[in-house]
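Read through the structure below, which is laid out as structure tokens, and then see the notes.
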Amino acid sequence: LDAAKTAIWTKIQPLDREAIPGLIAGFEHEDDVVRGFVAERLAEVIDGAGMTQIIAALNDPLPRISSGASATIQKIFAKWNDADALDVEAKNIRRDLDVRVKEPHAQRDELLAKNRKRAVDLEEQARQLRHNIPQTLSTTEIQEALKKIIEDENAQATARLQAATATASIGNISGSLTESLIKGILSPNRNVRVGCCRAAAAVNTAHAEDMHKLVDELMKRVIYEPERDDQPRDSRDWANDALVR
């Protein structure tokens with residue numbers, strides 16, 4: 001299987017961004033392996049225009065398309081976050097190099113030169129890693145689309161799980177998506193609940209109140225054990241199993 005993937009990618013890769021429409025069409029494939037391959041490879045070639053198409057796919061009523069788009073968002077943000085971390089490191093190096101010195105000093109100047117080269121190398125690594133991905137990703141539309149999928153109890157669990165995983169990769173989320181994760185943590189589907197618990201642990205928010213809400217709900221899930229509940233069996237929260245806790 002790996003050999004087949006490599007062979008196919010060898011043919012697709014030279015097309016670069018021209019391959020985006022064809023790869024996005026792969027979201028319609030019924031095989032999870034194919035959609036996973038599509039998600040991985042789209043992250044390698046996606047550009048700003050392609051991101052617009054991915055967001056549109058997130059809102060598609062066909063579960064396998066929205067699921068494939070969610071998986072792609074996760075891959076894209078993972079790559080973007082890695083590139084951003086390199087840029088931040090380079091920025092910090094340049095900040096530390098911003099010193100004023102009056103007299104030359106051989107060892108110091110050699111060290112400064114090495115650090116300047118290190119900063120340039122990091123920025124180049126970030127550029128190559130990002131490739132066509134925009135340096136700034138606007139997440140408002142993405143978060144709104146993921147919010148709808150996570151909250152939809154009628155949607156397939158796989159699509160909701162992929163949306164939660166994508167949410168975790170975004171990093172900083174807004175208040176409305178925080179509320180969606182809380183709803184997902186309370187979902188009667190244990191798999192959705194697991195995904196949203198993991199996402200809640202991975203995200204950050206500028207609002208302390210939202211963070212406290214997530215932490216409080218996670219603590220409740222840890223504490224509650226349905227097998228020890230003294231309520232009638234049919235009124236216990238059996239989705240809160242050991243894996244969730």
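The first residue of the sequence shown is numbered 1, and numbering continues consecutively from there.
Counting only distance, with no hydrogens or angles, the side chain of N191 and the backbone of A157 share no donor-acceptor pair below 3.5 Å. H207 places no side-chain N or O within 3.5 Å of a backbone atom of E209 that could act as its donor or acceptor partner. Side chain of D60 to main chain of A56: no donor-acceptor pair is present (N/O by atom type, distance under 3.5 Å, no hydrogens or angles). A donor-acceptor distance shorter than 3.5 angstrom exists from the side chain of T167 to the backbone of A163, with no hydrogens or angles considered. Side-chain atoms of D152 do not come within 3.5 Å of backbone N or O of K148 as any donor-acceptor pair. Although no hydrogens or angles enter the test, the distance criterion places a donor-acceptor pair under 3.5 Å between the side chain of Y224 and the main chain of D237.
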Any chance you could lay out the side-chain contact (heavy atoms from CB on, under 4.5 Å) test for L112 and D109, step after step, and finish with the verdict?
CA-CA 5 Å; L112 290 175; D109 292 345; 4.3 Å; yes
Set out, in order, the CA-CA distance, both residues' side-chain angles and the distance that settles side-chain contact (heavy atoms from CB on, under 4.5 Å) for I142 and M51, then state yes or no.
CA-CA 9 Å; I142 295 173; M51 287 297 300; 3.8 Å; yes
With side-chain contact (heavy atoms from CB on, under 4.5 Å) as the test, would you mind laying out the steps for C197 and V244 before giving the verdict?
CA-CA 7 Å; C197 284; V244 170; 4.2 Å; yes
Checking side-chain contact (heavy atoms from CB on, under 4.5 Å) for the pair V203/I170: CA distance, chi angles, key distance, verdict?
CA-CA 7 Å; V203 297; I170 291 176; over 6 Å; no
Run the numbers on E217 and R221 for salt bridge (Lys or Arg N to Asp or Glu O under 4.0 Å), then give the verdict.
CA-CA 6 Å; E217 200 54 60; R221 295 312 102 211; 3.1 Å; yes
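Rounding to the nearest 0.5 angstrom, the gap separating the SG atom in C196 from the CG atom in N189 is 9.5 Å. The structure places CH2 of W80 at 12.0 Å from CG of L129, a figure rounded to the nearest 0.5 Å. Atom CD of residue Q162 and atom CG of residue L146 lie 11.0 Å apart, to the nearest 0.5 angstrom. Interatomic distance, CG of L62 versus CD of E28, reported as 7.0 Å (0.5 Å rounding). With rounding to the nearest 0.5 angstrom, the CG atom of L23 is 11.5 Å from the CD atom of E40. From I150, atom CD1 reaches atom CD of Q143 across 9.5 Å, with rounding to the nearest 0.5 Å.
Remark: E30 does not engage R35 in a salt bridge, criterion side-chain N to carboxylate O under 4.0 Å. Electrostatic pairing of D121 and K117 counts as a salt bridge here, judged by a charged N lying under 4.0 Å from a carboxylate O. Between E179 and K183 there is no salt bridge, since no side-chain nitrogen of the basic residue lies less than 4.0 Å from a carboxylate oxygen of the acidic one. Taking a cutoff of 4.0 Å between a charged side-chain nitrogen and a carboxylate oxygen, R94 and E123 qualify as a salt bridge.
A199 approaches A164 most closely through the heavy-atom pair CB-O, 3.3 Å. Considering every non-hydrogen atom in both A119 and I93, the closest pair reads CB-CG2, 4.0 Å. Across all non-hydrogen atoms, the minimal contact from P226 to R236 is O-CD, 3.0 Å. Closest heavy-atom contact between G68 and A39: O-CB, 4.4 Å. For A159 against P63, the heavy-atom pair with the smallest separation is CB-O, 4.0 Å.
Between T72 and the options L42, I24, I46, a side-chain contact (heavy atoms from CB on, under 4.5 Å) holds for only L42. Of the listed residues (K220, E225, R193, E227), just one forms a side chain to side chain donor-acceptor pair (under 3.5 Å) with N240, and that residue is R193. Applying the salt bridge (Lys or Arg N to Asp or Glu O under 4.0 Å) test between E44 and each of K75, K79, R17, R130 identifies K79 as the sole match.
When hydrophobic clusters are built by joining Ile, Leu, Val, Met, Phe, Trp and Tyr residues whose side-chain heavy atoms come closer than 4.5 Å, directly or via intermediates, F77 is not grouped with L86. Both I65 and I20 are assigned to one and the same hydrophobic cluster, defined by single-linkage of ILVMFWY side chains at heavy-atom distances under 4.5 Å. I149 and I182 fall within the same hydrophobic cluster, where Ile, Leu, Val, Met, Phe, Trp and Tyr residues are linked whenever their side-chain heavy atoms come under 4.5 Å apart, directly or through other members. No continuous path of ILVMFWY side-chain contacts below 4.5 Å connects L177 to M211, so the two sit in separate hydrophobic clusters.
For the residue pair T165/Q74, the side-chain donor-acceptor check at 3.5 Å is not satisfied. Judged purely by distance below 3.5 Å, without hydrogens or angles, the side chains of H131 and D47 never pair a donor atom with an acceptor atom. With hydrogens and angles left out, the side-chain atoms of D16 and N132 include a donor and acceptor closer than 3.5 Å.
Counting heavy atoms from C-beta on, the side chains of S67 and R160 never come closer than 4.5 Å. Counting heavy atoms from C-beta on, the side chains of L181 and K147 never come closer than 4.5 Å. Considering only heavy atoms from C-beta on, L58 comes within 4.5 Å of S70 through its side chain. Two residues are said to be in side-chain contact when any heavy atoms from C-beta on lie closer than 4.5 Å; R95 and N92 meet this criterion. Residues D210 and I173 are not in side-chain contact: their nearest non-hydrogen atoms beyond the backbone lie 4.5 Å or more apart. No side-chain heavy atom of L218 sits under 4.5 Å from any side-chain heavy atom of V215. In this structure the side chain of R41 reaches within 4.5 angstrom of the side chain of W9, judged on heavy atoms. Under the 4.5 Å side-chain criterion, counting only non-hydrogen atoms from C-beta, L111 is not in contact with R116.
Counting heavy-atom neighbours within 6.0 Å of E18 CD, excluding the residue itself, gives a total of 12 or less. The neighbour count for E153 CD, taken as heavy atoms of other residues, nucleotides or ligands under 6.0 Å away, is above 12.
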